[in-house]
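One structure is given here, and the rest of the page talks about it.
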Amino acid sequence: MEIDGHGQAISLIGEFFDLGADGVFLVNNSVACEDLLLLYRQVRQIYPDKWLGLSLKDVFAHEILEIFPFDANAYWIDDLQVIQGQIEGKDVDYILELKANKQWPGQVMGQLKISIYDDEKDFSLSMRIAKNFVDIIVLKSINSLSKTKQFLNSIRSSVNPRDLGMSFADIDNADIKHYLPHVRYLLFFDGVQGFRKIDRDRFVSLVGMVRKYENDYTRRR
């Protein structure tokens, strides 16, 4: 979420929570890290029990250990890259150290792009590697529902759906309902400028669809 004024951001975050959002990520694509951390602290004081995640765009990787708020619920890595069997990315080692040495209790969430894979085997291998480094793998949605479901089915036996998410740029995406059996987390990123306002009707409709699935799933168990 990117908002110029803290007051506007806090108001918008409150509206998201009022409409049923489970959590909010704060990302500093266009503001300084210091401003984002100040905003985070203000929001945390208002919502001490809400789920709040962070992604820090303008810091050196080693600085994450020193400045990352211990009470944040999650850290976001925008692009997980698996190269020659290893996870590449400046954040990964330091975030793992944050969890291991400082015993930070939060979740590391990283995005893996389905679009770069043509082969199910390569995708499945990358997923198996990535899940050893991050708590939640978030798959970036693509236009092809059939390919996405094919890839999701290919990892059904090796990756728990509770450790998976999907990210979208549009809450109106008609395919969202098809992914609910496969993932636990739905994330929405409205471009680099972030959300400026909420289409309340669309958001309420989305939350209603998710809650209906959750309730039906609970009754089936």
Side-chain angles (χ1 to χ4, degrees), residues 22-23 25-29 51-68 70 72-169 173 175-176 178-189 192:
D22 291 319
F25 260 112
L26 302 178
V27 184
N28 66 320
N29 285 316
W51 193 101
L52 296 173
L54 282 173
S55 182
L56 306 176
K57 298 291 188 179
D58 63 339
V59 298
F60 293 109
H62 66 273
E63 293 177 325
I64 294 172
L65 289 172
E66 306 302 325
I67 66 175
F68 193 76
F70 198 76
N73 297 103
Y75 184 82
W76 174 254
I77 300 175
D78 187 58
D79 188 13
L80 293 175
Q81 299 183 44
V82 181
I83 301 174
Q84 296 183 344
Q86 294 292 324
I87 287 285
E88 299 287 336
K90 69 182 182 66
D91 297 348
V92 175
D93 290 341
Y94 290 100
I95 286 297
L96 292 177
E97 187 176 342
L98 183 68
K99 288 179 68 72
N101 295 344
K102 294 197 173 183
Q103 298 184 332
W104 172 57
Q107 296 173 310
V108 179
M109 304 179 74
Q111 181 170 252
L112 194 67
K113 298 176 180 177
I114 298 177
S115 60
I116 67 175
Y117 297 97
D118 295 317
D119 184 85
E120 287 180 40
K121 292 183 179 179
D122 291 340
F123 172 71
S124 297
L125 176 60
S126 293
M127 289 291 296
R128 290 197 298 270
I129 294 170
K131 74 175 186 176
N132 292 320
F133 290 87
V134 299
D135 301 303
I136 308 296
I137 302 172
V138 178
L139 302 173
K140 186 173 183 178
S141 63
I142 57 176
N143 291 331
S144 173
L145 172 62
S146 59
K147 178 181 177 180
T148 305
K149 292 186 70 175
Q150 178 184 348
F151 276 32
L152 286 169
N153 284 325
S154 73
I155 59 171
R156 184 180 291 274
S157 62
S158 59
V159 182
N160 190 323
R162 295 179 66 83
D163 299 330
L164 287 177
M166 291 285 294
S167 64
F168 304 88
N173 190 308
D175 293 336
I176 292 174
H178 298 289
Y179 300 132
L180 295 179
H182 298 275
V183 303
R184 184 182 185 186
Y185 302 89
L186 300 177
L187 289 84
F188 300 91
F189 297 94
V192 296

Could you check Phe133 against Val108 for side-chain contact (heavy atoms from CB on, under 4.5 Å), going step by step and ending with a plain yes or no?
CA-CA 8 Å; Phe133 290 87; Val108 179; over 6 Å; no
[X] and [Y]: which non-hydrogen atoms are nearest, and at how many Å?
X      : Y      : value
Leu164 : Val183 : O-CB, 3.6 Å
Ile116 : Lys113 : CG1-O, 3.2 Å
His178 : Leu145 : CD2-CD2, 3.6 Å
Gly165 : Ile136 : N-CG2, 4.2 Å
Gln107 : Asp135 : CA-OD2, 3.2 Å
Ile114 : Thr148 : CD1-CG2, 3.7 Å

To the nearest 0.5 Å, what is the distance between [atom1] ([X]) and [atom2] ([Y])?
X      : Y      : atom1 : atom2 : value
Ile77  : Asp79  : CD1   : CG    : 10.0 Å
Leu54  : Tyr75  : CG    : OH    : 9.0 Å
Lys149 : His182 : NZ    : NE2   : 5.0 Å
Met166 : Ile176 : CE    : CD1   : 9.0 Å
Asp119 : Leu125 : CG    : CG    : 10.0 Å
Met109 : Leu187 : CE    : CG    : 5.0 Å

Residues in side-chain hydrogen bond (donor to acceptor under 3.5 Å, both in side chains) contact with [X], at least two apart in sequence or another chain:
X      : result
Asp175 : none
Asp163 : none
Asp22  : Arg211

Would you list the atom pairs, donor with acceptor, under 3.5 Å between side chains in residues 137-144 and any protein atom, with sequence neighbours excluded?
from, atom 1, to, atom 2, distance (Å)
Ser141, OG, Ser167, O, 3.0
Ser144, OG, Ser146, OG, 3.4
Ser144, OG, Lys147, N, 3.1

For a 4.5 angstrom cut-off between non-hydrogen side-chain atoms, does Asn153 reach Arg156?
yes
Would you please name every residue forming a ring-ring contact (aromatic ring centres under 6.0 Å, His included) with Tyr185, sequence neighbours left out?
none
State whether the side chain of Gln111 and the backbone N or O of Asp78 hold a donor-acceptor pair below 3.5 Å, judged by distance alone.
yes
Would the distance check show the side chain of Asn73 and the main-chain N or O of Gly53 forming a donor-acceptor pair, the cut-off being under 3.5 Å?
no
How would you list, by chain and number, every residue that makes a side chain to side chain contact (heavy atoms under 4.5 Å, CB included) with Ser124, sequence neighbours excluded?
Arg128, Ser154, Ile155
Using 30° and 60° as the class limits, which term best fits the ring planes of Phe68 and Trp104: parallel, tilted or perpendicular?
perpendicular
Look at the rings of Phe25 and Trp51 and say which category their plane angle falls in: under 30° parallel, 30 to 60° tilted, over 60° perpendicular.
perpendicular
